Amino acid sequence: MAGLDPENWEELRTLGHRMLDDMLESIKNVAKGPVWQPMPDTLRQNFKQAPLPHGAQPLEGLYEQFANTVQPYAVGNRHPRFMGWVHGGGTAQGMLAEMLAAGLNANLGGRNHAPVEVERMVIRWAAEMFGFPDTASGVLVTGSSMANFIAILTASRAVPDGTALREQGVAGRKLVGYAAQTAHGCVARAFDMAGLGMKALRRVPVDAAFRMDMQALRRMVAQDRADGYEPFLVVGTAGTVDTGSVDPLDELADYAKAEKLWFHVDGAFGALAQLAPDYAPLLKGLERADSLAFDFHKWAQVPYDAGCVLVREQGRQAATFAQSLAYLSREDRGLAADAPWFCDFGPDLSRGFRALKVWFTLAGFGTEGLGNVVAQSCTVAQYLASRVVATPGLTLLAPVTLNIVCFRVDMPDVGDLDTLNAELVKDLQESGIAAPSTTRIHGKLAIRAAIVNHRTTKEDADIMLAGLADMVQVRLGRPLA
């Protein structure tokens, strides 16, 4: 058995260079094509019906299949007019880092090797970025859903006698936590996965700016304590998924400290506003959090996936996740040295080398360069909001705090405005002109434009609005008014 290496390395090298050149060209010219296009049913059926291959297929043929049936029908977040969801646009540099990481094929669950040191460096840089101490622990994960889960599980083990919960479970402990009604759904899911139950997450009302209502929080915590529950956690959001609003983090930090609650911040995308001097003041108090979840693959433009969780107090993550197993013994030297390992800080033992693309991004562009991307995104969002306000027939539905603009076509003589706006968004997506999404603001269906891609400019906002106006003309037979 000769193994799986190629018989002809030169042929592979030639094809590999072709793949690399093709993909670099695709990234370079991404704005010239449609944002998104639906996958033809015939191609979809080919995937659904493809038999399990028993014999070898040539790599060149597989690449041709990728180029013809996968690449043209991707989600489109590399394109500057992808505005529907908070997805970073990626970079060519990050793609190259992924290639190098795949070549090493390193497992970062632990052990004594250089890639682990790269991740430790990246975690230390992240702690510095957000004002955490250099003794803070952390780990790179798939995204903020996993990061929030790790933080919430860690918080639940930080309660009195919390370490016993690892063996005995949470039955009998009436633990409850709090997050605003605008918090991401992954927070409730984390309560579910942690065995606390989704009902243990109390959803706190918000104010007119879609920020957590502190008075309501105080009342809810007091009532729960009076009813025999055990409040242990409050979650603040930096950049809500619907509107981009930021909870009053500094007030939450004060309150959590006074009430002896773990203060966690879900900063999936908004935490990176810390890098933009004009927007960093919105996040005052984030540096006081006990834990923070955020994504490098959003505003920092690192290729998917690259989430991160930070925990302020050294030892808390290990107390939640570390195991003592004979086949994972730590030694004083050799390949099994260099504890603690990253498998001590989360549920994953098998972990890829995510840290390389994060390193190349942070070092390659610097925090100033990434901060400029944040500022540019927010500037485009403010421009789009101003265009909406100035355009008859459009209504802005929420304040624009950071980079998300919620608006809709609002023509009084149209009966079902929710359906009209939903159909217009689908029209825009299928046209390939732009890809916003929808949400609901005060019960009204909104067109939601999230400006995250480093390639997006004011011109892209203009093109999206012009396309929307054209769709209105087609659907109603008259212009916006």
Side-chain angles (χ1 to χ4, degrees), residues 1-5 97-128 132-143 145-158 162-169 193-194 291-293 296-297 302-363:
M1 182 72 180
L4 301 179
D5 284 335
E98 280 280 73
M99 178 186 69
L100 297 176
L104 282 182
N105 194 31
N107 181 349
L108 271 76
R111 302 183 178 84
N112 183 14
H113 55 121
V116 168
E117 294 303 330
V118 174
E119 184 158 351
R120 287 174 177 157
M121 174 181 70
V122 165
I123 295 298
R124 178 171 53 81
W125 286 352
E128 182 179 347
F132 276 50
D134 59 10
T135 54
S137 65
V139 64
L140 296 178
V141 293
T142 52
S145 292
M146 180 57 74
N148 280 305
F149 171 64
I150 289 172
I152 288 167
L153 200 63
T154 302
S156 73
R157 279 23 177 187
T163 53
L165 299 180
R166 293 190 68 179
E167 293 186 1
Q168 300 171 8
M193 293 190 299
S291 55
L292 169 67
F296 283 111
H297 58 227
V302 173
Y304 277 85
D305 51 39
C308 185
V309 59
L310 297 175
V311 176
R312 171 176 298 278
E313 186 177 343
Q314 191 175 32
R316 286 294 187 188
Q317 273 183 281
T320 304
F321 292 101
Q323 292 179 299
S324 179
L325 301 168
Y327 57 86
L328 291 177
S329 62
R330 275 64 156 175
E331 305 295 344
D332 60 344
R333 61 189 180 86
L335 190 54
D338 204 28
W341 295 350
F342 281 110
C343 63
D344 296 327
F345 297 152
D348 293 325
L349 177 57
S350 298
R351 306 177 59 253
F353 193 6
R354 296 185 182 97
L356 187 64
K357 59 190 174 184
V358 178
W359 173 26
F360 277 28
T361 300
L362 289 177

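Quick caveat, the model's predicted, so the values are computed rather than measured. The chain is numbered in sequence order, starting from 1.
Under the 4.5 Å side-chain criterion, counting only non-hydrogen atoms from C-beta, C343 is not in contact with F321. The shortest side-chain heavy-atom distance between L100 and F360 falls under the 4.5 Å cut-off. Proximity of F342 to L140: side-chain heavy atoms (C-beta onward) are nowhere separated by under 4.5 Å. Counting heavy atoms from C-beta outward, P347 and M146 have side chains that approach closer than 4.5 Å. Within the 4.5 Å cutoff, side-chain heavy atoms of L328 are placed close to those of R111.
If you take OG1 on T320 and CZ on F345, they are separated by 10.5 Å, rounding to the nearest 0.5 Å. D134 CG to I123 CD1: the interatomic distance, rounded to the nearest 0.5 Å, is 13.5 Å. Taking CD of E119 as the start and CZ of R354 as the end, the distance is 8.0 Å to the nearest 0.5 Å. Note that CG of L310 is 8.0 Å distant from OG of S137, once rounded to the nearest 0.5 Å. The CD atom of E313 sits 11.5 Å away from atom OG of S291, with the distance rounded to the nearest 0.5 Å.
Residues V141 and C308 come closest through the heavy atom pair CG2-N, 3.9 Å. Here the closest non-hydrogen pair linking N107 and L349 is OD1-O, 3.2 Å. Nearest heavy atoms, F353 versus L104: CE2-CD1, 3.9 Å. Closest approach of H113 and A106 over heavy atoms only: CE1-CB, 4.2 Å.
The closest donor-acceptor contact from the side chain of H297 to the backbone of D305 lies at 3.5 Å or more, if one exists at all. The closest donor-acceptor contact from the side chain of R312 to the backbone of L292 lies at 3.5 Å or more, if one exists at all. Of the possible polar contacts, none joining the K357 side chain to the M99 backbone as a donor-acceptor pair under 3.5 Å is found. Between the side chain of N112 and the backbone N or O of A336, no donor-acceptor pair lies under 3.5 Å.
Annotation: side chain to side chain donor-acceptor pair (under 3.5 Å) contacts of D344 (sequence neighbours excluded): R330. D348 is linked by a salt bridge (Lys or Arg N to Asp or Glu O under 4.0 Å) to nothing, counting only residues two or more places apart in sequence or in another chain.
The residue from E117, R333, E331 that alone fulfils the side-chain contact (heavy atoms from CB on, under 4.5 Å) condition with D338 is E117.
Around CH2 of W359, the count of heavy atoms belonging to other residues, nucleotides or ligands within 6.0 Å does not exceed 12.
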Please table the atom pairs, donor to acceptor, closer than 3.5 Å between any side-chain atom in residues 148-155 and protein atoms at least two apart or in another chain.
unit_1, atom_1, unit_2, atom_2, d
N148, OD1, H264, NE2, 2.6
N148, ND2, S144, O, 2.9
N148, ND2, D266, OD1, 3.4
T154, OG1, I150, O, 2.7

